[in-house]
Amino acid sequence: DLLSRYKNDSQYTVKTVPSMHSYRLMMNLEKVPALAGVNVRQAMAYAIDRQKLVDTVARGSATVSSMGYVPAESSWYNPAVEQYAHSTDKALSLLGGKTYSFALLTDNSGDSTKTAELIKLDLAKIGITVTVKSVESKTRDNAVKTGEYELLLINSGGMGGDPDYLADVYGANAGTLKGWTNETVFSLLNKQASEQDAAARKDMIWEAQKIISQEVPMLMLYGAVDNFVFRQDKYDGWMCCYDHNKVDHNKLSYLIRKS
(Lines give C-alpha, C1' and ligand atoms only; values in the text may rest on other atoms or scores of the structure.)
Protein backbone atom coordinates (compact mmCIF):
# COMPACT_ATOMS: atom_id res chain seq x y z
CA ASP A 1 0.00 0.00 0.00
CA LEU A 2 2.98 2.30 0.53
CA LEU A 3 4.50 1.47 -2.84
CA SER A 4 2.96 4.38 -4.74
CA ARG A 5 4.77 6.96 -2.65
CA TYR A 6 8.13 5.47 -3.69
CA LYS A 7 7.19 4.94 -7.33
CA ASN A 8 6.39 8.63 -7.61
CA ASP A 9 9.59 9.77 -5.91
CA SER A 10 12.67 10.00 -8.13
CA GLN A 11 14.95 9.44 -5.13
CA TYR A 12 13.89 5.81 -5.06
CA THR A 13 14.01 2.83 -7.38
CA VAL A 14 11.38 0.12 -7.11
CA LYS A 15 12.58 -3.31 -8.27
CA THR A 16 9.71 -5.74 -8.90
CA VAL A 17 10.45 -9.44 -9.21
CA PRO A 18 8.38 -12.65 -9.16
CA SER A 19 8.66 -14.60 -5.93
CA MET A 20 9.05 -18.07 -7.52
CA HIS A 21 6.45 -19.21 -4.97
CA SER A 22 2.83 -20.11 -5.55
CA TYR A 23 -0.24 -20.88 -3.55
CA ARG A 24 -1.56 -24.21 -4.72
CA LEU A 25 -4.54 -26.39 -3.83
CA MET A 26 -3.46 -29.97 -3.33
CA MET A 27 -6.06 -32.71 -3.88
CA ASN A 28 -5.89 -36.15 -2.32
CA LEU A 29 -7.09 -38.54 -5.01
CA GLU A 30 -6.40 -41.53 -2.75
CA LYS A 31 -8.56 -40.32 0.10
CA VAL A 32 -11.34 -38.81 -2.02
CA PRO A 33 -12.33 -40.98 -5.01
CA ALA A 34 -14.44 -38.15 -6.49
CA LEU A 35 -11.26 -36.14 -7.08
CA ALA A 36 -9.90 -38.91 -9.29
CA GLY A 37 -12.28 -37.68 -11.98
CA VAL A 38 -10.41 -35.18 -14.14
CA ASN A 39 -13.69 -33.40 -14.92
CA VAL A 40 -14.08 -32.56 -11.22
CA ARG A 41 -10.57 -31.15 -11.01
CA GLN A 42 -11.01 -29.16 -14.21
CA ALA A 43 -14.35 -27.84 -12.95
CA MET A 44 -12.66 -26.59 -9.80
CA ALA A 45 -9.97 -24.93 -11.91
CA TYR A 46 -12.60 -23.03 -13.89
CA ALA A 47 -14.70 -22.20 -10.82
CA ILE A 48 -11.99 -20.58 -8.71
CA ASP A 49 -11.48 -16.95 -9.72
CA ARG A 50 -7.71 -16.80 -9.42
CA GLN A 51 -7.48 -13.21 -10.61
CA LYS A 52 -9.81 -12.26 -7.78
CA LEU A 53 -7.40 -13.92 -5.35
CA VAL A 54 -4.62 -11.77 -6.81
CA ASP A 55 -6.67 -8.59 -6.53
CA THR A 56 -8.25 -9.29 -3.13
CA VAL A 57 -5.76 -11.26 -1.07
CA ALA A 58 -2.49 -10.05 -2.61
CA ARG A 59 -3.92 -6.58 -3.34
CA GLY A 60 -2.64 -6.82 -6.89
CA SER A 61 0.93 -7.69 -5.94
CA ALA A 62 0.84 -11.19 -7.46
CA THR A 63 0.21 -13.03 -10.71
CA VAL A 64 -2.03 -15.95 -11.63
CA SER A 65 0.06 -19.12 -11.62
CA SER A 66 0.50 -21.47 -14.56
CA MET A 67 -1.47 -24.69 -14.31
CA GLY A 68 1.55 -26.35 -15.88
CA TYR A 69 3.57 -25.35 -12.79
CA VAL A 70 6.54 -23.66 -14.53
CA PRO A 71 6.15 -19.87 -13.98
CA ALA A 72 5.38 -17.67 -16.97
CA GLU A 73 8.57 -15.71 -16.26
CA SER A 74 10.69 -18.79 -16.98
CA SER A 75 12.29 -19.40 -20.38
CA TRP A 76 10.99 -22.98 -20.01
CA TYR A 77 7.34 -21.92 -19.73
CA ASN A 78 4.95 -23.37 -22.30
CA PRO A 79 2.39 -20.68 -23.26
CA ALA A 80 0.15 -23.38 -24.73
CA VAL A 81 -0.82 -24.79 -21.31
CA GLU A 82 -4.50 -24.75 -20.38
CA GLN A 83 -5.30 -21.33 -18.89
CA TYR A 84 -8.63 -22.00 -17.15
CA ALA A 85 -10.05 -18.50 -17.42
CA HIS A 86 -12.69 -18.14 -14.72
CA SER A 87 -16.02 -19.55 -15.89
CA THR A 88 -18.72 -20.78 -13.52
CA ASP A 89 -20.80 -21.96 -16.49
CA LYS A 90 -17.97 -24.14 -17.82
CA ALA A 91 -17.42 -25.58 -14.37
CA LEU A 92 -21.10 -26.44 -13.98
CA SER A 93 -21.12 -28.10 -17.39
CA LEU A 94 -18.17 -30.30 -16.44
CA LEU A 95 -19.88 -31.44 -13.25
CA GLY A 96 -23.12 -32.31 -15.05
CA GLY A 97 -25.33 -31.54 -12.07
CA LYS A 98 -23.36 -33.58 -9.54
CA THR A 99 -22.52 -32.10 -6.14
CA TYR A 100 -19.67 -32.80 -3.75
CA SER A 101 -18.41 -31.98 -0.26
CA PHE A 102 -14.73 -31.63 0.63
CA ALA A 103 -12.71 -30.57 3.67
CA LEU A 104 -9.97 -28.00 3.05
CA LEU A 105 -6.97 -27.81 5.36
CA THR A 106 -4.98 -24.57 5.54
CA ASP A 107 -2.59 -22.81 7.88
CA ASN A 108 -3.98 -20.01 10.02
CA SER A 109 -2.13 -17.07 8.45
CA GLY A 110 -4.23 -14.16 7.22
CA ASP A 111 -3.56 -14.63 3.51
CA SER A 112 -4.12 -18.37 3.64
CA THR A 113 -7.42 -18.18 5.47
CA LYS A 114 -8.67 -15.42 3.14
CA THR A 115 -7.67 -17.51 0.13
CA ALA A 116 -9.41 -20.57 1.54
CA GLU A 117 -12.62 -18.68 2.24
CA LEU A 118 -12.72 -17.21 -1.27
CA ILE A 119 -12.16 -20.68 -2.74
CA LYS A 120 -15.03 -21.92 -0.58
CA LEU A 121 -17.36 -19.23 -1.95
CA ASP A 122 -16.40 -19.90 -5.58
CA LEU A 123 -16.82 -23.66 -5.30
CA ALA A 124 -20.19 -23.26 -3.59
CA LYS A 125 -21.47 -21.67 -6.82
CA ILE A 126 -20.95 -24.96 -8.67
CA GLY A 127 -22.34 -27.25 -6.00
CA ILE A 128 -19.13 -28.10 -4.15
CA THR A 129 -19.43 -27.56 -0.41
CA VAL A 130 -16.10 -26.85 1.29
CA THR A 131 -15.44 -26.98 5.02
CA VAL A 132 -12.36 -24.94 5.90
CA LYS A 133 -10.13 -26.00 8.79
CA SER A 134 -7.22 -23.72 9.73
CA VAL A 135 -4.33 -25.07 11.78
CA GLU A 136 -0.75 -24.14 12.61
CA SER A 137 1.58 -24.35 9.63
CA LYS A 138 3.53 -27.27 11.13
CA THR A 139 0.34 -29.31 11.37
CA ARG A 140 -0.58 -28.47 7.77
CA ASP A 141 2.95 -29.32 6.59
CA ASN A 142 2.82 -32.66 8.35
CA ALA A 143 -0.47 -33.43 6.62
CA VAL A 144 1.28 -33.00 3.25
CA LYS A 145 3.61 -35.84 4.24
CA THR A 146 1.05 -38.14 5.83
CA GLY A 147 -1.75 -37.54 3.33
CA GLU A 148 -4.23 -36.73 6.10
CA TYR A 149 -6.26 -34.24 4.07
CA GLU A 150 -8.84 -34.03 1.30
CA LEU A 151 -7.94 -30.58 -0.05
CA LEU A 152 -4.90 -28.73 1.24
CA LEU A 153 -3.82 -25.13 0.65
CA ILE A 154 -0.12 -24.32 0.79
CA ASN A 155 2.27 -21.67 -0.49
CA SER A 156 5.54 -23.20 -1.67
CA GLY A 157 8.57 -22.13 -3.67
CA GLY A 158 11.46 -23.77 -5.47
CA MET A 159 10.05 -22.79 -8.86
CA GLY A 160 13.11 -21.00 -10.21
CA GLY A 161 16.02 -22.46 -12.13
CA ASP A 162 16.15 -25.65 -14.16
CA PRO A 163 12.72 -27.28 -14.66
CA ASP A 164 14.02 -30.65 -13.52
CA TYR A 165 12.17 -29.62 -10.35
CA LEU A 166 9.03 -30.85 -12.11
CA ALA A 167 10.17 -34.40 -11.36
CA ASP A 168 10.21 -33.58 -7.64
CA VAL A 169 6.51 -32.76 -7.81
CA TYR A 170 5.05 -34.74 -10.72
CA GLY A 171 7.63 -37.51 -11.20
CA ALA A 172 7.07 -41.22 -10.64
CA ASN A 173 8.99 -41.19 -7.35
CA ALA A 174 7.87 -37.79 -6.06
CA GLY A 175 5.10 -39.03 -3.77
CA THR A 176 3.76 -35.50 -3.38
CA LEU A 177 0.49 -35.85 -5.25
CA LYS A 178 -1.56 -38.52 -3.54
CA GLY A 179 -3.24 -40.93 -5.94
CA TRP A 180 -2.30 -39.23 -9.23
CA THR A 181 -0.40 -41.12 -11.89
CA ASN A 182 0.36 -40.39 -15.53
CA GLU A 183 2.83 -42.68 -17.25
CA THR A 184 3.43 -40.24 -20.11
CA VAL A 185 4.43 -37.45 -17.71
CA PHE A 186 6.54 -39.87 -15.69
CA SER A 187 8.38 -40.94 -18.84
CA LEU A 188 8.91 -37.39 -20.12
CA LEU A 189 10.31 -36.19 -16.81
CA ASN A 190 12.59 -39.20 -16.58
CA LYS A 191 13.92 -38.83 -20.12
CA GLN A 192 14.48 -35.06 -19.97
CA ALA A 193 16.89 -35.50 -17.06
CA SER A 194 19.47 -37.16 -19.32
CA GLU A 195 18.60 -35.57 -22.68
CA GLN A 196 21.66 -33.79 -24.11
CA ASP A 197 19.92 -32.04 -26.99
CA ALA A 198 18.58 -28.71 -25.65
CA ALA A 199 15.73 -28.43 -28.16
CA ALA A 200 14.57 -31.99 -27.60
CA ARG A 201 14.67 -31.51 -23.84
CA LYS A 202 12.62 -28.34 -24.09
CA ASP A 203 10.03 -30.19 -26.15
CA MET A 204 9.77 -32.78 -23.38
CA ILE A 205 9.38 -30.12 -20.69
CA TRP A 206 6.75 -28.31 -22.74
CA GLU A 207 4.80 -31.52 -23.39
CA ALA A 208 4.89 -32.40 -19.68
CA GLN A 209 3.53 -28.96 -18.77
CA LYS A 210 0.74 -29.31 -21.32
CA ILE A 211 -0.40 -32.67 -19.94
CA ILE A 212 -0.08 -31.49 -16.33
CA SER A 213 -2.26 -28.48 -17.10
CA GLN A 214 -4.92 -30.73 -18.63
CA GLU A 215 -4.82 -33.24 -15.80
CA VAL A 216 -4.83 -30.65 -12.96
CA PRO A 217 -3.41 -33.01 -10.33
CA MET A 218 -2.78 -29.89 -8.24
CA LEU A 219 -4.56 -26.58 -8.72
CA MET A 220 -2.05 -23.75 -9.08
CA LEU A 221 -3.47 -20.47 -7.79
CA TYR A 222 -1.29 -17.37 -7.57
CA GLY A 223 2.26 -16.31 -6.80
CA ALA A 224 3.31 -13.13 -5.04
CA VAL A 225 5.33 -10.40 -6.68
CA ASP A 226 7.99 -8.92 -4.42
CA ASN A 227 8.90 -5.24 -4.50
CA PHE A 228 12.26 -3.95 -3.29
CA VAL A 229 12.77 -0.24 -2.74
CA PHE A 230 16.16 1.43 -2.54
CA ARG A 231 17.81 4.82 -2.96
CA GLN A 232 19.89 4.54 -6.11
CA ASP A 233 22.15 7.45 -5.11
CA LYS A 234 23.28 5.42 -2.08
CA TYR A 235 23.69 2.07 -3.84
CA ASP A 236 22.47 0.72 -7.16
CA GLY A 237 23.99 -2.78 -7.28
CA TRP A 238 21.08 -4.87 -6.08
CA MET A 239 20.39 -7.94 -8.24
CA CYS A 240 18.69 -11.33 -8.14
CA CYS A 241 20.06 -14.78 -8.85
CA TYR A 242 18.49 -16.47 -11.86
CA ASP A 243 16.56 -18.85 -9.59
CA HIS A 244 15.99 -16.75 -6.48
CA ASN A 245 14.24 -13.40 -6.07
CA LYS A 246 15.67 -11.91 -2.87
CA VAL A 247 18.15 -9.22 -3.84
CA ASP A 248 19.54 -9.04 -0.29
CA HIS A 249 20.28 -12.80 -0.34
CA ASN A 250 22.45 -12.65 -3.44
CA LYS A 251 26.18 -12.32 -2.75
CA LEU A 252 26.61 -10.56 -6.09
CA SER A 253 24.59 -7.66 -4.68
CA TYR A 254 27.47 -6.90 -2.30
CA LEU A 255 30.36 -6.99 -4.76
CA ILE A 256 32.09 -3.70 -5.48
CA ARG A 257 32.16 -3.17 -9.23
CA LYS A 258 34.76 -1.15 -11.06
CA SER A 259 33.58 0.73 -14.11
Side-chain angles (χ1 to χ4, degrees), residues 19 21-29 31-69 81-95 98-137 139-141 143-144 147-157 159 169 176-180 212-213 215-225:
S19 68
H21 282 65
S22 177
Y23 271 99
R24 69 282 307 271
L25 187 65
M26 300 179 68
M27 298 176 277
N28 193 329
L29 281 61
K31 197 176 182 72
V32 187
L35 291 171
V38 67
N39 61 309
V40 176
R41 303 196 300 271
Q42 290 176 344
M44 293 168 68
Y46 280 116
I48 297 171
D49 190 343
R50 296 183 291 158
Q51 185 59 51
K52 186 176 181 180
L53 297 178
V54 168
D55 297 337
T56 305
V57 182
R59 292 172 293 183
S61 190
T63 57
V64 170
S65 300
S66 169
M67 209 63 79
Y69 198 83
V81 297
E82 298 294 332
Q83 300 297 324
Y84 296 98
H86 175 55
S87 174
T88 301
D89 289 342
K90 231 174 218 186
L92 286 167
S93 176
L94 282 164
L95 291 184
K98 293 183 180 180
T99 60
Y100 301 93
S101 296
F102 304 131
L104 193 166
L105 187 66
T106 181
D107 70 81
N108 54 14
S109 67
D111 284 354
S112 293
T113 53
K114 288 176 187 174
T115 299
E117 290 298 332
L118 288 171
I119 289 172
K120 174 181 177 178
L121 292 173
D122 279 343
L123 293 182
K125 296 174 185 176
I126 64 167
I128 295 179
T129 301
V130 173
T131 303
V132 176
K133 181 180 180 181
S134 59
V135 296
E136 292 186 356
S137 58
T139 302
R140 186 272 323 276
D141 293 346
V144 174
E148 291 301 314
Y149 66 89
E150 295 183 356
L151 303 176
L152 184 145
L153 181 67
I154 190 168
N155 184 24
S156 298
M159 301 169 70
V169 182
T176 306
L177 305 175
K178 306 299 182 185
W180 179 78
I212 288 166
S213 73
E215 285 277 306
V216 201
M218 178 168 62
L219 211 162
M220 303 300 291
L221 299 171
Y222 67 96
V225 170

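Counting from 1, the numbers follow the sequence of the chain as shown.
- Panel note: side chain D122, backbone D49; a donor-acceptor pair is recorded below 3.5 Å.
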Show which side-chain atoms of residues 114-121 pair as donor or acceptor with protein atoms under 3.5 Å away, not counting sequence neighbours.
{"from": "T115", "atom 1": "OG1", "to": "D111", "atom 2": "O", "distance (Å)": "2.8"}
{"from": "T115", "atom 1": "OG1", "to": "Y222", "atom 2": "OH", "distance (Å)": "2.8"}

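- Expressed to the nearest 0.5 Å, how far CG of L221 lies from CD1 of I154 amounts to 12.0 Å.
- A donor-acceptor pair under 3.5 Å is absent between the side-chain atoms of T56 and the main chain of L53, judged by distance alone.
- How far OG1 of T106 is from NZ of K133: 12.0 Å, rounded to the nearest 0.5 Å.
- Heavy-atom minimum distance, S65 versus M220: CB-CB, 3.8 Å.
- Inter-residue side-chain proximity for Y69 and M218 is flagged as met; some heavy-atom pair is nearer than 4.5 Å.
- Formation of a donor-acceptor pair under 3.5 Å by the R41 side chain with backbone atoms of L219 is not found in this model.
- Put simply, the side chain of N28 gets close to the backbone of Y149: a donor and an acceptor are under 3.5 Å apart.
- Between the side chain of E150 and the backbone N or O of F102, no donor-acceptor pair lies under 3.5 Å.
- A side chain to side chain contact (heavy atoms under 4.5 Å, CB included) with I126 holds for exactly one of L95, I48, L94; it is L95.
- Of the inter-residue distances, the one linking L105 atom CG with L25 atom CG reads 11.0 Å to the nearest 0.5 angstrom.
- From E148, atom CD reaches atom NZ of K31 across 4.5 Å, with rounding to the nearest 0.5 Å.
- Nearest heavy atoms, I212 versus G68: CG2-CA, 4.3 Å.
- Although no hydrogens or angles enter the test, the distance criterion places no donor-acceptor pair under 3.5 Å between the side chain of R140 and the main chain of V135.
- Although no hydrogens or angles enter the test, the distance criterion places no donor-acceptor pair under 3.5 Å between the side chain of S22 and the main chain of R24.
- The CG atom of D141 sits 7.5 Å away from the OG atom of S156 when rounded to the nearest 0.5 Å.
- Within the 4.5 Å cutoff, side-chain heavy atoms of M27 are placed close to those of V216.
- With values rounded to the nearest 0.5 angstrom, K98 atom NZ is found 12.0 Å from I128 atom CD1.
- The backbone N or O of N108 sits nowhere less than 3.5 Å from a side-chain atom of T113 that would complete a donor-acceptor pair.
- Side-chain contact check for N155 versus H21: some heavy-atom pair is nearer than 4.5 Å.
- With hydrogens and angles ignored, the 3.5 Å screen pairs no side-chain donor or acceptor of E215 with any backbone N or O of S213.
- Residues in residues 42-67 take part in these ring pair (Phe, Tyr, Trp, His ring centres under 6.0 Å) pairs, two or more places apart or across chains: Y46-Y84.
- Contact detail for A62 and V54: the closest heavy-atom pair is O-CG1, 3.3 Å.
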